Amino acid sequence: MKEGIVYLDSGATSLKPVRVIRAMLEYYEEYPANVHRGGYPWANRATEEYERVREKVAGLIGARPEEVIFTKNATEALNLASAILEPYVKEGDRILVSVMEHHANFLPWMRLARRKGAEFVLFGITPEGYLDFDDFRKKLTPNTKVVALTMASNVVGTVPPFTEVAKMSRRVGAYVVLDGAQYLGHRKVRVRETGAHLIGFSGHKIFGPMGTGILWGREELLREGNPLLMGGSMIKDVGFNDYDLEDTPQRYEAGTPDVGGVIGLGAAVDFISDVGYDRLEAHERRLTAYLYEALRDLTGVEVYGPPPEDRTSLVAFNLRGLHPHDLAWYLGELGIMVRSGGHCAHPLHKFLKVPNNQSVRASLSIFNTEEDVDRLIDGIVRAKEAFRLD
Ligand SMILES: Cc1ncc(COP(=O)(O)O)c(C=O)c1O
């Protein structure tokens with residue numbers, strides 16, 4: 001990375017370790033063939049490496065390789081989850097979604113509810129950003145067929161009690177879909193222990209390349225599921241008027257996948273394993289607390305969401321009197337990269353009545369330091385002076 005830059009947008013996408021870039025380069029230089037097609041040496045190696053990454057990802061999350069589907073991002077993974085559950089939802093059923101979802105775990109369910117004539121019902125959060133359990137409990141009716149919940153909010157950082165939510169949801173026979181996009185790069189996940197049926201992850205937020213994502217699902221469910229795409233490499237046989245789909249995971253990976261990307265993702269998994277979740281989490285917890293307290297100490301700054309011990313490593317805030325885009329632009333001029341806007345979570349901003357429905361977000365990762373946070377705080381102080389705010 002260029003000297004002097006402070007990257008505080010790992011929530012959007014993480015920086016990529018050199019080994020990830022090298023793994024991709026090696027693929028493109030040494031065996032740049034398609035997978036699951038040819039029988040020549042490059043094609044065999046590409047297929048072997050690609051499938052080895054599936055095993056690595058499965059190991060990382062405590063799954064079986066057949067339960068790991070490669071997608072291009074978490075959005076595609078969650079859309080695929082809704083396609084898989086579509087046949088189980090009928091008119092009059094309820095789809096229950098938290099108000100703090102990213103649009104990727106919100107819109108597919110809203111659309112599915114509309115298509116099927118099902119109810120789309122939101123459950124809320126408290127003003128502090130915690131999941132409103134009473135509201136959830138009240139709305140979890142016997143006709144609830146799907147419950148969709150994030151494992152960590154991309155705005156307020158909240159880690160809701162997703163295992164408890166999954167347990168209660170299963171009791172009424174609902175399918176549980178979790179969004180792990182903001183979680184897996186920061187905390188260890190054992191997918192089966194969550195109680196969920198399907199979980200979407202971004203590969204590019206866990207140090208992997210752009211264009212990589214993962215859907216994990218229970219094999220029982222994936223065996224019969226509807227793919228999102230139809231085409232090559234996902235079919236056992238095609239007749240003039242019928243077809244026979246492949247088993248999971250192939251049935252969900254139609255067409256040429258991002259082979260280089262997946263191979264890079266494998267190196268990202270190695271990176272996480274080498275660093276270790278304990279170290280990752282400890283470092284980020286310490287730094288998030290430092291960031292949160294420093295922001296809270298600044299007059300004119302409003303921080304959204306719970307205290308650091310109950311969140312992952314990001315903090316959204318606003319500076320009174322300055323539009324978030326103006327603050328992010330000003331910080332950018334100082335070499336400090338933060339994100340501003342609605343963060344694809346418009347309902348949450350509206351629910352919390354955040355001014356302009358937008359905020360600035362600083363998100364941290366393993367490579368960030370206290371000096372990075374100091375630079376951000378200093379940048380905000382300078383912005384207050386430059387824009388003559390009190
Ligand atoms: C909580 C959450 N879910 C889903 C997504 C979508 O992820 P992707 O960009 O990989 O589609 C994001 C991306 O920011 C996110 O923060």
Side-chain angles (χ1 to χ4, degrees), residues 7-16 20 57 61 68-83 97-111 122 125 129 131 147-160 162 165 176-187 189 194 196 198-216 228 257-258 261-262 264-265 268 284 304-306 311-316 328 337-349 351-352 358-365:
Y7 185 70
L8 296 175
D9 199 19
S10 291
T13 199
S14 54
L15 295 180
K16 319 306 174 198
V20 170
V57 170
I61 62 176
V68 170
I69 298 156
F70 292 125
T71 61
K72 69 171 186 283
N73 48 37
T75 302
E76 187 183 314
L78 292 162
N79 275 270
L80 176 54
S82 79
V97 178
S98 107
V99 77
M100 70 175 143
E101 296 313 302
H102 185 282
H103 297 163
N105 201 28
F106 194 93
L107 293 173
W109 306 115
M110 189 186 261
R111 182 173 66 175
L122 295 179
I125 57 171
L131 191 138
V147 173
L149 177 65
T150 188
M151 295 174 81
S153 160
N154 65 317
V155 179
V156 283
T158 310
V159 176
F162 46 80
V165 165
V176 179
V177 180
L178 297 179
D179 174 358
Q182 292 292 345
Y183 197 88
L184 190 61
H186 311 280
R187 306 276 167 89
V189 177
T194 63
L198 295 154
I199 310 182
F201 300 105
S202 307
H204 66 95
K205 292 189 208 286
I206 64 161
F207 311 102
M210 295 306 216
T212 57
I214 300 149
L215 177 69
W216 168 80
L228 209 50
D258 184 348
V262 166
L265 180 61
E284 291 186 6
Y304 306 109
R311 61 164 76 214
T312 50
S313 55
L314 56 85
V315 183
M337 313 292 180
V338 292
R339 182 171 168 185
S340 59
H343 311 303
C344 305
H346 295 178
L348 175 59
H349 280 84
F351 190 83
L352 291 175
Q358 295 185 350
S359 56
V360 178
R361 184 185 71 185
S363 48
L364 304 164
S365 188

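Remember, it's 1-based here, ligands and their atoms both numbered in the order they're listed. Just so you know, these numbers come straight off a predicted model, no measurement behind them.
At a heavy-atom distance under 4.0 Å, atoms from both the backbone and the side chain of N73 approach ligand 1. When non-hydrogen atoms are compared, ligand 1 lies under 4.0 Å from the side chain of A181 (C-beta onward) but not from its backbone.
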### Task
Before giving the answer on side chain to side chain donor-acceptor pair (under 3.5 Å), spell out for T312 and H186 the whole-Å C-alpha distance, their side-chain angles and the decisive distance to 0.1 Å.
CA-CA 7 Å; T312 50; H186 311 280; 5.8 Å; no

#### Entry: T13 and K16: CA distance, side-chain angles, deciding distance, side chain to side chain donor-acceptor pair (under 3.5 Å) verdict
CA-CA 9 Å; T13 199; K16 319 306 174 198; 3.0 Å; yes

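Close approach to S202 involves these atoms of ligand 1, each under 4.0 Å from a residue heavy atom: 7 (O), 8 (P), 10 (O). Atoms of ligand 1 found under 4.0 Å from any heavy atom of H204 (numbered from 1 in listed order, with element): 8 (P), 9 (O), 10 (O). Numbered from 1 in the order shown, with element, the atoms of ligand 1 that lie under 4.0 Å from a heavy atom of N154 read 1 (C), 16 (O). Numbered from 1 in the order shown, with element, the atoms of ligand 1 that lie under 4.0 Å from a heavy atom of Q182 read 1 (C), 14 (O), 15 (C), 16 (O). Near K205, with a cut-off below 4.0 Å to any heavy atom, the atoms of ligand 1 are 7 (O), 12 (C), 13 (C), 14 (O).
In this model, no donor atom of one side chain and acceptor atom of the other lie less than 3.5 Å apart for T71 and E76. Remark: the H343 side chain and the S359 side chain contain an N/O donor-acceptor pair separated by less than 3.5 Å.
Rounding to the nearest 0.5 Å gives a distance of 9.5 Å between CG of N79 and CG of N105. Remark: L15 CG to Y7 OH distance equals 5.5 Å, nearest 0.5 Å.
The nearest heavy-atom contact from the protein to atom 11 (O) of ligand 1 is T75 OG1, 2.5 Å. Nearest non-hydrogen protein atom to atom 15 (C) of ligand 1 is H102 CD2, 3.2 Å.
Residue-ligand proximity: D179 is placed with a non-hydrogen atom under 4.0 Å from ligand 1.
Inclusion of A12 in the set of residues having an N or O under 3.5 Å from an N or O of ligand 1 is not warranted.
Ring-plane geometry between Y183 and F162 is classed as perpendicular, the angle between the planes exceeding 60 degrees on a 0 to 90 degree scale with a lower cut at 30.
V20 is listed as a side-chain neighbour of P209, based on a closest heavy-atom distance under 4.5 Å.
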